[in-house]
Amino acid sequence: MSDVPEVKPPVVTPVRVVIALCLLAPFVAMLWVGSYAKADPAFIGIPFFYWYQMLWVIISTALTMTAYKLWQRDQRARTGGASK
């Protein structure tokens with residue numbers, strides 16, 4: 001038996017910080033209502049308030065997909081490349 005302790009990778013890594021930022025950005029954008037609570041500039045007749053929120057639906061989807069792919073890559077790296 002070996003007395004060498006198992007070395008585990010750090011819990012907080014740059015990749016995990018990026019994942020957290022990807023998931024946090026939509027919440028910050030939507031909770032900061034003062035930044036988009038206005039009618040102008042309108043886009044094809046739709047007030048800014050509405051099209052800004054709809055744009056964040058698309059942005060949130062892209063950021064969530066990015067976070068998921070980064071998480072998968074991080075987990076594969078932590079388990080030594082073993083796939084399920």
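Looking at V12 and V17, their side chains come closer than 4.5 Å, going by heavy atoms from C-beta outward. Between I59 and P26 the shortest side-chain heavy-atom distance does not fall below 4.5 Å.
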Hey, can you pull the donor-acceptor pairs under 3.5 Å for the side chains in residues 29-52, sequence neighbours left out?
residue: S35; atom: OG; partner: W32; partner atom: O; Å: 2.8
residue: Y36; atom: OH; partner: M30; partner atom: O; Å: 2.8
residue: W51; atom: NE1; partner: P41; partner atom: O; Å: 3.0
residue: Y52; atom: OH; partner: W56; partner atom: NE1; Å: 3.1

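Listed by first and then second residue, the salt bridge (Lys or Arg N to Asp or Glu O under 4.0 Å) pairs that reach into residues 49-74 are R16-D74, D74-R78, sequence neighbours excluded.
The nearest pair of heavy atoms linking L63 to C22 is CB-O, 3.5 Å.
By the criterion of side-chain heavy atoms lying less than 4.5 angstrom apart, applied directly or through intervening Ile, Leu, Val, Met, Phe, Trp or Tyr residues, W71 is grouped together with V18 in one hydrophobic cluster.
To the nearest 0.5 Å, the span separating OG1 on T66 from CG on L21 amounts to 12.5 Å.
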